[in-house]
Amino acid sequence: MSHRFELWAPAAERGVTLVLDGDGSPMRRDPDRPGWWLAEAPADPARSRYGYRLDDDPLLLPDPRSARQPDGPDGPSQLVDHSAFRWSDTRWQGRALPGSSIYELHVGTFTPEGTFDAAAARLDHLAELGVDLVELMPVCPFPGDHGWGYDGVSLWAVHEPYGGPEGLKRFVDAAHRRGLGVVLDVVHNHLGPSGNYLPRFGPYFTERHHTPWGAAVNLDAPGSDEVRAYLVGSALSWLRDYRVDGLRLDAVHALVDTRALHFLEQLSAAVDGLAAATGRPLFLIAESDLNDPRLITPREAGGLGLTAQWSDDLHHTLHAVLTGEGQGYYADFAARPLAGLARTLTRGWFHDGTWSSFRGRTHGRPLDPHRTPAHRLLGYLQTHDQIGNRALGDRISAAADPGLLAAGAALVLTGPFTPMLFMGEEWGARTPWQYFTDHQDPSLAEAVRTGRRREFAAHGHSPEQVPDPQAATTFLGSKLDWTEPDRKPHAELLGWYRTLLALRRAHPEFTDPDLSAVRVEYDEDARWLVLHRGRFRTAVNLSDRERTVPLGAAFADAPAGYGSYRGSGDAVTLAARSVAVVRTD
């Protein structure tokens, strides 16, 4: 069967050679598209391996649009026939983001095996938990076997140790059969430090702008039309060929773009077009530290049109409230933590043009609670970043007892934002989630090791305290312990999460998108807080003493609680470190 090979390689001056199953043949220039090269050759649509040689360079380069890298990022590419996969979810109509809840997981540490198939075998746990969407951390190929995934270098392919393209499709198919949508974390702002061959082909990066990873991805310099098309094409491939329901876009504040049509607006329009063509609701979730509502403002209203964005401010306020930590970026949130939590729950962000001591400047922009649906912000108690970027990778369960964890979970799951959990959170996992890598280049491995230890030395940690990212024990120790959910106190906390998610599904007050209708009352000194959602109140007592908390309406019943509580009149009395979800008359 003849296959058409296409390559954008404006850096090639004398010619490009296609090497297909060991045989080389010259490619011809495309007369209609500058910088593109073409070739037709007989190929097995599911097995043929190939690569490209530019000019007289003997190095065989993988295809930038490779759908599979069977031997890793440095090996040849392999064709994939996406039409050959037999999907069983033929009735799947998609899962929209509004009203949904998300569960973030890392394929390599979610199960002992660390594969898509092993993760699929645990999907019944997530269905019984009551979440709606499973968010996979990045799955593009990177050197070595294990890592977080943010060093991916082949943006159209799937990491082979996880199970490759077929494994990802089997996982998505299995999730859809259980009524679970799938979100994929993708990285457009940089590529990993090893195995990145894109600069050999053309101007994929530009020195006009710089990011923490070096030269920025080229979104506005000469050649950027093709770079943007490359990234949009990759995004659409995940949604179309793998039937993923949404994408999480990593650190979009690092996508430097000065053009009139911002790349994110272009991507948003393309995804909306695919949604219309497929009849499935598709969405984009941004990670951004800008606190800028224009990201999630519809395009027709002058925004970039993304569906939602992460809200670290809620995490930071909750973390400060539950742990008492006040160092680093927690300083702003720890001064009056309950006031900060109330501000964030009702206004979307803590920093919306306010002074940030951590940054040494004002930060953010006000969000209009009357015009911005609350589901456009994601709220969470933990994420991979907020755990793994700590020196020891310690979860909040290492610093807060089950009662405080239950209170934090209740505020997230009955709160106004789209809730997201991090794997193991639902049972208060005691396993850490640390920063781990498997760089094959010894000098790079040492640079990562010493750099991380130097980073945390400034925070008072000795080198011996900081886990070695390259050590196998760091990776293996970050895997979930699936014996925990059946043991105390983990089983009780797991039951609490299931109860909260069931309440959220059963009562529309908890998914009401009207942020302006959310009210919060609190007492900073007595350490209690009440979140008002229609007829419901989520009352938390974070102190070490029993507290009587006003509800603002007559107590009817308490459909859920963690710890001891009793209602009377227009108040509920909570034992120390306990929480109740109360219905009022």
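Throughout, numbering of the chain's residues begins at 1 and tracks the sequence. Heavy-atom basis, side chains included; hydrogens, waters and symmetry copies ignored.
Remark: the backbone N or O of Leu338 is paired with a side-chain donor or acceptor of Glu524 at under 3.5 angstrom. Of the possible polar contacts, none joining the Trp528 side chain to the Glu521 backbone as a donor-acceptor pair under 3.5 Å is found. A distance-only check finds no donor-acceptor pair linking the side chain of Arg376 to the backbone of Thr297 [under 3.5 Å]. Proximity of a side-chain donor or acceptor of Arg533 to a complementary backbone N or O of Thr414 within less than 3.5 Å is detected. Using a distance-only test at 3.5 Å, with no hydrogens or angles considered, no donor-acceptor pair links the side chain of Ser268 to the main chain of Leu264. In terms of modelled atom types and a separation under 3.5 Å, the side chain of Thr307 and the main chain of Leu284 share a donor-acceptor contact. Side-chain atoms of Arg498 do not come within 3.5 Å of backbone N or O of Leu494 as any donor-acceptor pair. Judged purely by atom type and a 3.5 angstrom limit, Asn189 has no side-chain atom pairing as donor or acceptor with the backbone of Ala254. Without hydrogens or angle criteria, His253 side chain to Leu290 main chain gives no donor-acceptor distance under 3.5 Å. Although no hydrogens or angles enter the test, the distance criterion places a donor-acceptor pair under 3.5 Å between the side chain of His106 and the main chain of Gly147.
No donor-acceptor contact under 3.5 angstrom links the side chains of Tyr380 and Gln386, judged on distance only. Inspection of the Tyr150 and His384 side chains reveals an N or O donor paired with an N or O acceptor under 3.5 Å. Defined by atom type and a distance below 3.5 Å, a donor-acceptor pair is present between the side-chain atoms of Trp92 and Asp245. If you check the side chains of Asn541 and Ser578, you find no donor sitting under 3.5 Å from an acceptor.
To the nearest 0.5 Å, atom CG of residue Asp313 and atom CG of residue Leu377 are 9.5 Å apart. From Leu405, atom CG reaches atom CD of Glu426 across 12.0 Å, with rounding to the nearest 0.5 Å. Note: Phe510 CZ to Phe536 CZ = 4.5 Å, rounded to the nearest 0.5 Å. Note that the OG1 atom of Thr278 and the CZ atom of Arg240 stand 10.5 Å from one another [nearest 0.5 Å]. Here the CG atom belonging to Leu133 is positioned 11.0 Å from the CG atom belonging to Leu126, to the nearest 0.5 angstrom. Rounding to the nearest 0.5 Å gives a distance of 13.0 Å between CD of Glu425 and CG of Leu105.
Across every non-hydrogen atom of Ala339 and Tyr522, the tightest pair is CB-OH, 3.4 Å. Summarising the geometry of Ser311 relative to Gly348, their closest heavy-atom pair is OG-O, 3.5 Å, with the distance given to 0.1 Å. Closest non-hydrogen pair, Thr483 versus Asp481, comes out as OG1-OD1, 2.7 Å. The minimum heavy-atom distance between Thr111 and Trp482, with the atom names listed, is CA-NE1, 4.2 Å. Of all heavy-atom pairs spanning Leu236 and Ala270, the tightest one is CD2-O, 3.9 Å. Closest approach of Tyr162 and Pro138 over heavy atoms only: CE1-O, 4.3 Å.
In this structure, Tyr330 has its ring center under 6.0 Å from that of His319. Ring-centre distance between His351 and Phe333: below the 6.0 Å cut-off. Taking the six-membered ring for Trp and the full ring otherwise, the centers of Phe283 and His375 sit at least 6.0 Å from each other. Aromatic ring centres of Trp148 and Phe475: separated by at least 6.0 Å.
Inter-residue side-chain proximity for Phe263 and His188 is flagged as met; some heavy-atom pair is nearer than 4.5 Å. Annotation: side chain of His363 is in contact with side chain of Asn291 (closest heavy-atom distance under 4.5 Å). Side-chain contact check for Leu411 versus Leu341: some heavy-atom pair is nearer than 4.5 Å. In this structure the side chain of Arg395 never reaches within 4.5 angstrom of the side chain of Arg390, judged on heavy atoms. Side-chain contact between Phe422 and Thr383: absent, with no pair of heavy atoms (C-beta onward) separated by less than 4.5 Å. Side-chain atoms of Pro467 and Leu392, non-hydrogen and from C-beta on, do get closer than 4.5 Å to each other. The side-chain heavy atoms of Leu249 and Leu255, taken from C-beta on, include no pair separated by under 4.5 Å. Contact check for Arg504 versus Thr511: side-chain heavy atoms found under the 4.5 Å cut-off.
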Please test Arg343 against Thr354 for side chain to side chain contact (heavy atoms under 4.5 Å, CB included), starting from the C-alpha separation and ending with a verdict. CA-CA 12 Å; Arg343 176 187 178 92; Thr354 56; 3.2 Å; yes
Please evaluate residues Thr109 and Met423 with respect to the criterion side chain to side chain contact (heavy atoms under 4.5 Å, CB included), reporting the C-alpha separation (whole Å), side-chain torsions for both, the decisive distance (0.1 Å), and the verdict. CA-CA 9 Å; Thr109 51; Met423 62 178 195; 3.0 Å; yes
What's the verdict on side chain to side chain contact (heavy atoms under 4.5 Å, CB included) for Leu136 and Val244, showing C-alpha distance, side-chain angles and the deciding distance? CA-CA 10 Å; Leu136 301 179; Val244 166; over 6 Å; no
Residues Asp523, Arg547; criterion salt bridge (Lys or Arg N to Asp or Glu O under 4.0 Å); working and verdict: CA-CA 11 Å; Asp523 186 316; Arg547 301 292 188 194; over 6 Å; no
From CA spacing to verdict: side chain to side chain contact (heavy atoms under 4.5 Å, CB included), Asp544, Arg577: CA-CA 6 Å; Asp544 295 327; Arg577 301 191 178 197; 2.8 Å; yes
Run the salt bridge (Lys or Arg N to Asp or Glu O under 4.0 Å) test on Asp250 and Arg248 for me, step by step, so that the C-alpha distance in whole Å, both residues' side-chain angles and the decisive distance to 0.1 Å come before the verdict. CA-CA 6 Å; Asp250 181 66; Arg248 182 261 191 188; 3.0 Å; yes
Does the pair Arg95 and Ser100 meet the rule for a side chain to side chain donor-acceptor pair (under 3.5 Å), with working shown? CA-CA 8 Å; Arg95 175 73 69 185; Ser100 293; 5.0 Å; no
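Between Trp238 and Tyr242, the angle of the ring planes lies from 30° to 60°, which puts this pair in the tilted group. Ring pair Phe116/Phe171 is tilted by interplanar angle, where 30° to 60° counts as tilted.
More than 12 heavy atoms of other residues, nucleotides or ligands sit less than 6.0 Å from atom CZ of Arg487. The environment of CZ in Arg361 is crowded: more than 12 heavy-atom neighbours from other residues, nucleotides or ligands sit within 6.0 Å. When the shell of 6.0 Å around CZ of Arg371 is examined, it contains 12 or fewer heavy atoms from other residues, nucleotides or ligands.
Scored by the salt bridge (charged side-chain N to carboxylate O under 4.0 Å, His left out) test, Arg122 finds no partners at all (sequence neighbours excluded). Arg365 is linked by a salt bridge (charged side-chain N to carboxylate O under 4.0 Å, His left out) to nothing, counting only residues two or more places apart in sequence or in another chain.
Between Arg535 and Glu509 there is a salt bridge, since a side-chain N of the basic residue sits under 4.0 Å from a carboxylate O of the acidic one.
Within the structure, the salt bridge (charged side-chain N to carboxylate O under 4.0 Å, His left out) test picks out the following pairs touching residues 548-576 (sequence neighbours left out): Glu546-Arg566, Asp557-Arg583.
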